[in-house]
Protein chains: 2
Amino acid sequence: MLSKKTKYAFHALIYLGKNKEQGAILIQEISEKYGISHKFLENILLELKKAGFLGSKKGKGGGYYLIKEPQEIPLSRVIRLLDGPIALLPCVSLNYYEPCEECENQETCGLNKVMANVRDETLKILEMKTLQDILENE
Amino acid sequence: MLSKKTKYAFHALIYLGKNKEQGAILIQEISEKYGISHKFLENILLELKKAGFLGSKKGKGGGYYLIKEPQEIPLSRVIRLLDGPIALLPCVSLNYYEPCEECENQETCGLNKVMANVRDETLKILEMKTLQDILENE
DNA sequence: CACAAAACCTACAAAAATTATAGAGTATAT
DNA sequence: ATATACTCTATAATTTTTGTAGGTTTTGTG
């Protein structure tokens with residue numbers, strides 16, 4: 001399951017995507033809309049900004065806005081950013097690789113091989129689906 | 001990522017699958033093989049037994065053994081048993097459904113629709129892959 | 001039958017991760 | 001100059017995961 005952080009990130013991205021033409025949007029507007037703690041959402045939006053999805057403006061009239069096209073934001077990137085690895089095991093993670101402690105030889109580990117396969121198939125889906133797909137279903 | 005519980009469950013199933021002809025196998029044998037705490041593994045094997053994957057025998061000469069064919073144990077069932085939902089959101093979980101608090105109307109939620117789609121695709125993989133596939137790669 | 005072996009069961013403790021909050025700092029429009 | 005609203009770091013609270021303790025029950029064996 002996605003963490004709340006990631007779920008909230010998606011809600012924020014969706015809201016910003018739907019209201020693109022309005023320019024900068026307040027954290028507060030989004031947090032009230034979805035009943036998310038203002039401060040918690042603040043951290044999330046900041047991460048999304050640092051990752052290059054959002055832009056922001058300080059001071060009066062400020063707020064956040066999308067700086068990427070919705071079709072350039074695959075689910076996989078958002079999930080990796082907020083939740084970490086998509087792979088089911090650390091030893092098959094492309095972005096957060098770590099060997100499994102209990103595994104003597106990764107080369108001959110059947111679990112490793114099958115999970116690498118699952119990862120590839122999962123990534124196909126999560127890289128194909130983008131914010132655009134979500135917006136089209138709203 | 002899978003929890004350690006689920007990962008250990010897979011290791012145990014693999015070990016029992018590989019050593020099928022030996023009959024009942026001690027918890028201790030598995031826990032030592034993979035460096036898993038005996039007591040922690042005990043709980044896991046018990047769950048696998050209650051779910052109908054394993055049989056057991058008490059007393060001297062006792063232990064655990066596989067009672068299902070490896071091809072009858074899809075990854076999805078093991079993951080659901082130990083880790084819970086496979087879906088990325090509670091509102092699209094088939095086995096652990098819960099509405100999302102922040103979502104007014106699930107019927108018109110684009111996130112819901114896309115995540116239901118992701119769930120279907122993910123399930124196709126996790127239901128197709130079985131313990132048998134892992135054993136074949138060992 | 002007595003005993004030892006090994007699974008069964010419940011509850012709890014420790015550790016880690018997630019979720020949430022606090023408060024001071026910085027940039028900007030008016 | 002001031003109010004507004006994002007930025008940043010640290011920390012607190014909560015929940016989940018991981019691990020431990022200790023007794024109970026079943027079963028094979030001498």
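Proteins come first, then strands; the chains are lettered A, B, ... in the order of their sequence lines, and each starts at number 1. Note that the structure is a prediction, hence the values are computed from the model and not measured.
- Near DNA chain D, meaning a heavy atom under 4.0 Å from it, residues 88-99 of chain A has no residue at all.
- Counting any heavy atom pair closer than 4.0 Å across all strands shown, A:Lys7 reaches no nucleic acid atom.
- Side-chain contact check for B:Leu75 versus A:Met115: some heavy-atom pair is nearer than 4.5 Å.
- Between the A:Ser31 side chain and the A:Gln28 main chain, a donor and an acceptor come within less than 3.5 Å of each other.
- The local environment of CD in A:Glu138 is crowded, with over 12 non-hydrogen atoms from other residues, nucleotides or ligands closer than 6.0 Å.
- One interatomic measurement links the two molecules: CG of A:Leu82 to P of C:dT18, which rounds to 11 Å at whole-angstrom precision.
- Judged purely by atom type and a 3.5 angstrom limit, A:Asn137 uses its side chain to pair as donor or acceptor with the backbone of A:Asp133.
- For B:Lys20, the NZ atom counts as densely surrounded, since its 6.0 Å shell holds more than 12 non-hydrogen atoms of other residues, nucleotides or ligands.
- Scanning all heavy atoms of the two residues, the minimum distance from A:Ile134 to B:Leu111 falls at CG2-N, 3.5 Å.
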Dump every N/O contact between nucleotides 15-17 of chain C and the protein below 3.5 Å, one line per pair.
none

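- Note that CZ of A:Phe10 is 9.5 Å distant from CG of A:Leu48, once rounded to the nearest 0.5 Å.
- The distance from atom OH of B:Tyr65 to atom C1' of C:dA6 is 13 Å, rounded to the nearest whole Å.
- For the 3.5 Å distance criterion, the side chains of B:His11 and A:Glu102 qualify, holding a donor opposite an acceptor.
- Residues satisfying the side chain to side chain contact (heavy atoms under 4.5 Å, CB included) test with B:Leu123, not counting sequence neighbours, are B:Ser76, B:Arg80, B:Ile86, B:Leu94, B:Arg119, B:Glu127.
- Using a 4.0 Å cutoff to heavy atoms of chain B, the contacted part of DNA chain D runs 5' to 3' from D:dT18 to D:dG28.
- Every pair tested for ring pair (Phe, Tyr, Trp, His ring centres under 6.0 Å) that includes a residue from residues 66-90 of chain B fails, sequence neighbours excluded, so the list is empty.
- The 12-atom threshold is exceeded at CD of A:Glu29, counting heavy atoms of other residues, nucleotides or ligands nearer than 6.0 Å.
- Whole-Å rounding puts the A:Ile44 CD1 to C:dT18 C1' distance at 11 Å.
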Base versus backbone protein contacts along nucleotides 20-29 of chain C [heavy-atom cut-off under 4.0 Å; B, S, -]: BBBB--BBBS
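- To the nearest angstrom, C1' of C:dA6 lies 12 Å from CG of B:Leu45.
- With A:Asp83 contributing its side chain and A:Leu2 its backbone, the two residues share no donor-acceptor pair below 3.5 Å.
- To the nearest 0.5 Å, atom NZ of residue B:Lys4 and atom CG of residue B:Leu82 are 14.5 Å apart.
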